[in-house]
Amino acid sequence: MTQRQGGIRGWSAARKGHLSRLRLTSLRLRLVVVFGLVALTAAVSASGIAYWLNREAVLTRTQGAVLRDFEQEMQNRAGSLAEYPSQDELQYTAGQMATSSQRFSVLLVAEDGTGKTVYGSSGGLNGFSLEDVPESLRRAVNKQQGTTAGNTSPYHLYWQRVVDHGTPYLVAGTKVIGGGPTGYMRKSLEPEAKDLNSLAWSLGIATGLALIGAALLAQAAATTVLKPVHRLGVAARRLGEGKLDTRLRVSGTDELADLSRTFNLAAESLEKRVADMAARDEASRRFVADMSHELRTPLTAITAVTEVLEEELDAESGGIDPMIEPAVRLVVSETRRLNDLVENLMEVTRFDAGTARLVLDDVDVADQITACIDARAWLDAVELDAERGIHARLDPRRLDVILANLIGNALKHGGSPVRVSVRASADEVVIAVRDHGPGIPEEVLPHVFDRFYKASASRPRSEGSGLGLSIALENAHIHGGEISAANSPESGAVFTLRLPRDISDLAEQGEQKDKEAT
């Protein structure tokens, strides 16, 4: 079953690949269409010209032979008749004229001795008749022309092509010079029409074959031209995915080869720049980590001393000189701040190095928030709206860091009371921290989670390092969650934390990465 599904997926992927190549906006399809249109235009034009030239040649040749034969028969046979022939004589002569090599029908018209119009047709009474001759042709034949030096004959031979019941005919007529009958001829052009139809079919088939050949040629040309372009697109996608060692094989000296060389040079330059930036970034992170570690040892000693000084400040005996008491309190405060800064820097370096890991436990979210508020003596300034029994599998220490930063930020920069509400669904837990301060300016909102960012223009200057919200966001991300900042329609700022209720899969992926790195 698995093999069959794999075959179906492969066929579907191949089919999608072919369809994507022939999508309406693809260069391949446009090349095929352009080649096809050019070939179709050229083939139709050539076929039309060839058909027209052959048609004129065939009709002119046939027509000339028939008219010469008819004119010769009129001079030899009709011209030998009496001035007033009888109908039998006309009939006989018409039959004799029709036996010529061109095999046309003949109609002779004359007047007998009594002045009566008589007719002689080569096809008998039911053969070629005067009604089969167009009226315009009869008028032209019977019209006497004036004779001049350039026109010595008062009557001329006239012809016309007509179609009768779908069959083409050549009809001609003339009068015997010097007096005599008027003769009409009708010749069927059906054999020539069949020949021309066969020629048209042949030219149509040739046009179709030319179109197919052009499409195949266009496909071959498109494949030849677009294969390097396709390879360039694949290489560009691999480069965009971070595979900076991607290079193209260069062959030839044409424009596509130049493009491949340019791509390789750009990829090589990009790889070098990224490597330099990565080295600088790694050196910077190592410097911060080393500096933080080096600072911890003297800070430990300084912190111990400041704790002793703080105990002396709180002692009732008044062990500190009142003149230096403000300085001592400043030293204690700044030492704590420096200690927090070092701890935050070490936490940031762990995130940047990718060594931060989760220690998961089943947590009651309401109890965790209560413990965070109680540990920092914020019970009087924070309102909690959370039901007991909302459980999630999280890292308690990192959740405490997130909550401490969000609630502490609201207490420092917002207005009391700070309200913390918890809502839960089947998949996630949503914790909202809202203050009642002036809110966050719109230009500041996109930067509240940036490292070392302080909105000093809109709020009082913070005593913090500017890393708290950034660390909170990183802790949310490592849980597979997110933190967003916005202004409440009523007043104050709202920070919303969204965490999945079970992130065991993320923890397993982190452990797997550690094993692979090892």
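Just so it is clear, the structure is predicted and the values come from calculations on it, not from any experiment.
- Counting heavy atoms from C-beta outward, Gln63 and Val66 have side chains that stay 4.5 Å or more apart.
- Annotation: side chain of Thr496 is in contact with side chain of Val494 (closest heavy-atom distance under 4.5 Å).
- Contact annotation: the side chain of Lys116 never approaches that of Glu111 to less than 4.5 Å [non-hydrogen atoms, C-beta and beyond].
- When all heavy atoms of Ile478 and Asn475 are compared, the pair lying nearest together is CG2-O, 3.0 Å.
- Rounded to the nearest 0.5 Å, atoms OG (Ser122) and CD (Gln91) are 8.0 Å apart.
- Remark: Glu89 CD to Asp112 CG distance equals 10.5 Å, nearest 0.5 Å.
- For Asn76, the side chain to side chain contact (heavy atoms under 4.5 Å, CB included) partners are Gln72, not counting sequence neighbours.
- The closest side-chain heavy-atom distance from Asn487 to Glu442 is below 4.5 Å.
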Name the atoms and distances for all side-chain donor-acceptor pairs under 3.5 Å in residues 235-246, with sequence neighbours left out.
{"unit_1": "Thr246", "atom_1": "OG1", "unit_2": "Lys243", "atom_2": "O", "d": "2.7"}

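- More than 12 heavy atoms of other residues, nucleotides or ligands shown are found within 6.0 angstrom of OH on Tyr51.
- Two residues are said to be in side-chain contact when any heavy atoms from C-beta on lie closer than 4.5 Å; Phe449 and Ser470 fail this criterion.
- Glu428 contributes atom CD, which lies 13.5 Å from atom CG of Asp502 (distance to the nearest 0.5 angstrom).
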Please tabulate, for the side chains in residues 202-210, all donor-acceptor contacts under 3.5 angstrom to protein atoms that are two or more places apart in sequence or on a different chain.
{"unit_1": "Ser202", "atom_1": "OG", "unit_2": "Ser198", "atom_2": "O", "d": "2.9"}
{"unit_1": "Thr207", "atom_1": "OG1", "unit_2": "Ser47", "atom_2": "OG", "d": "2.9"}
{"unit_1": "Thr207", "atom_1": "OG1", "unit_2": "Leu203", "atom_2": "O", "d": "2.8"}

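- Using a 4.5 Å cut-off on side-chain heavy atoms (C-beta onward), Ser491 and Arg434 make contact.
- Inspection of the Gln102 and Ser100 side chains reveals no N or O donor paired with an N or O acceptor under 3.5 Å.
- One finds the CZ atom of Arg498 at 6.5 Å from the OG atom of Ser484 (value rounded to the nearest 0.5 Å).
- Side-chain contact check for Leu394 versus His479: some heavy-atom pair is nearer than 4.5 Å.
- Side-chain contact between Glu73 and Val106 is absent, with no heavy-atom pair separated by less than 4.5 Å.
- By the 6.0 Å contact criterion, CD on Glu135 is enclosed, its count of non-hydrogen atoms from other residues, nucleotides or ligands being greater than 12.
- The environment of Arg273 atom CZ is sparse: at most 12 non-hydrogen atoms of other residues, nucleotides or ligands sit within 6.0 angstrom.
- The CZ atom of Phe263 sits 12.0 Å away from atom CD of Glu268, with the distance rounded to the nearest 0.5 Å.
- Heavy-atom neighbours of Tyr84 OH from other residues, nucleotides or ligands within 6.0 Å: at or below the threshold of 12.
- Leu497 approaches Ile483 most closely through the heavy-atom pair CD1-CG1, 3.6 Å.
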